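Index from 1, following the sequence. No experiment lies behind these values; they were computed from the predicted model shown.
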Amino acid sequence: ADVKARRKSEVNFVQTARRRARRSQPLYRALAVFLSVTLLAALLVQGLVYERVELAARYPALLPILQSLCQPLKCQINPPRVIEAIEIDSSSFTQTGPETYRLNFVVKNNRPGAVAMPALEVTLTGAGDKVLVSKTVLPAEYGASSAWLNHATPFAGAFDLQAAPVPAARAVTAPGEAAVSEPPPSSEPVPALVIT
């Protein structure tokens, strides 16, 4: 029994020595390093794909890299929609034709990262708060070339509105009297601009 135990311990010793010798070979070390780097790269790619929207919003310079990474994986990078982060900095409203008006505006993003370019809901009211036009204007319609609105970079947009003509007041006359028409009340349209 003593001899068997001694042989067994010698066999264990030899096996341990062989394992150590294998680990010290350059091929084994190179394989271990390659496998470690591959697993680390896979973990990094997985993290980039998972956090792609937040990374693109915080670091706009990474957007092209993330898009090229997403292309073979069939994933999308849509900007986050944070309506509270966008404010209308200024706007102007001018008449460009008999029933045509132009609305110029500047929006800016107050959030630290980029957000989605907003759609705008425009309501044009006339005399007595009568709605002349109500329209939702998408980013492409007001001149946005990108779906992203970066932090602290104001965007100036403009679009035209066609308003229905305001009907003139009809004069009611008694037989034999001349028709007298009164001018309609002031119908200067007033725009209301809402971010949606």
Taking all non-hydrogen atoms of both residues, which atom of Trp148 and which atom of Pro80 are closest, and how far apart? CZ3-CD, 4.2 Å

Rounded to the nearest 0.5 Å, what's the gap from CG on Asp160 to CZ on Arg102? Could you check? 4.5 Å

Starting at CG of Leu40, measure out to CG of Leu44 and round the result to the nearest 0.5 Å. 7.0 Å

To the nearest 0.5 angstrom, please state how far the OG1 atom of Thr38 sits from the CG atom of Leu43. 12.5 Å

Do Tyr101 and Val131 share a hydrophobic cluster (ILVMFWY, side-chain heavy atoms under 4.5 Å, transitive)? no

Report yes or no: does Asn109 contribute a side-chain atom to a donor-acceptor pair with the main-chain N or O of Leu149 at less than 3.5 Å? yes

Output yes when a side-chain donor or acceptor of Gln67 lies under 3.5 Å from a complementary backbone atom of Cys70, and no otherwise. no

Are Leu62 and Tyr50 connected in the hydrophobic side-chain network, where two residues link if heavy atoms are under 4.5 Å apart? no

For the student: nearest non-hydrogen atoms of Pro72 and Ser68, plus distance: CD-O, 3.2 Å

Look at the side chain of His151 and the backbone N and O of Arg111, then say whether any donor-acceptor pair between them is shorter than 3.5 Å. yes

Which value, rounded to the nearest 0.5 Å, describes the distance between Leu103 atom CG and Ser92 atom OG? 7.0 Å

Rounded at 0.5 Å granularity, tell me how far CG in Asp89 sits from NZ in Lys108. 4.5 Å

With a 4.5 Å cut-off on side-chain heavy-atom distances among I, L, V, M, F, W and Y, is there a chain of contacts connecting Val106 to Leu120? no

For Pro139 and Ala119, work out which heavy atoms get closest and say how close. CD-CA, 4.4 Å

Quick check: is Leu73 connected to Leu55 through a chain of hydrophobic side chains (ILVMFWY, heavy atoms under 4.5 Å apart)? yes

Donor-acceptor check, side chain of Ser36 to backbone of Phe34, threshold 3.5 angstrom: yes or no? no

Apply side chain to side chain contact (heavy atoms under 4.5 Å, CB included) to residues Asn110 and Glu87 and explain how you reach the verdict. CA-CA 8 Å; Asn110 293 324; Glu87 81 175 35; 3.0 Å; yes

State plainly whether one hydrophobic cluster holds both Leu138 and Val107, where clusters connect Ile, Leu, Val, Met, Phe, Trp and Tyr through side-chain heavy atoms under 4.5 angstrom apart. no

Is a side-chain donor-acceptor pair under 3.5 Å present for Gln162 with Thr100? yes

Can you name the salt bridge (charged side-chain N to carboxylate O under 4.0 Å, His left out) partners of Glu54, sequence neighbours left out? Arg58

Evaluate side chain to side chain contact (heavy atoms under 4.5 Å, CB included) for Lys135 paired with Val137, printing each intermediate quantity in order. CA-CA 6 Å; Lys135 180 179 181 180; Val137 184; 4.3 Å; yes

How long is the gap from CZ on Arg52 to CG on Leu63, to the nearest 0.5 Å? 12.0 Å

For the side chain of Gln76 and the backbone of Asn78, is there at least one donor-acceptor N/O pair under 3.5 Å apart? no

Over all atoms of both residues, closest heavy-atom pair of Pro79 and Ala147: CG-O, 3.3 Å

Can you find a heavy atom in the side chain of Pro118 that is under 4.5 Å from one in the side chain of Ile86? yes

Is there a side chain to side chain contact (heavy atoms under 4.5 Å, CB included) between Asn150 and Phe155 once you walk through the steps? CA-CA 9 Å; Asn150 293 325; Phe155 174 81; over 6 Å; no

How far apart are the C-alpha atoms of Leu124 and Phe93, what are their side-chain angles, what is the distance that settles it, and do they pass the side chain to side chain contact (heavy atoms under 4.5 Å, CB included) test? CA-CA 11 Å; Leu124 193 61; Phe93 184 68; 3.2 Å; yes

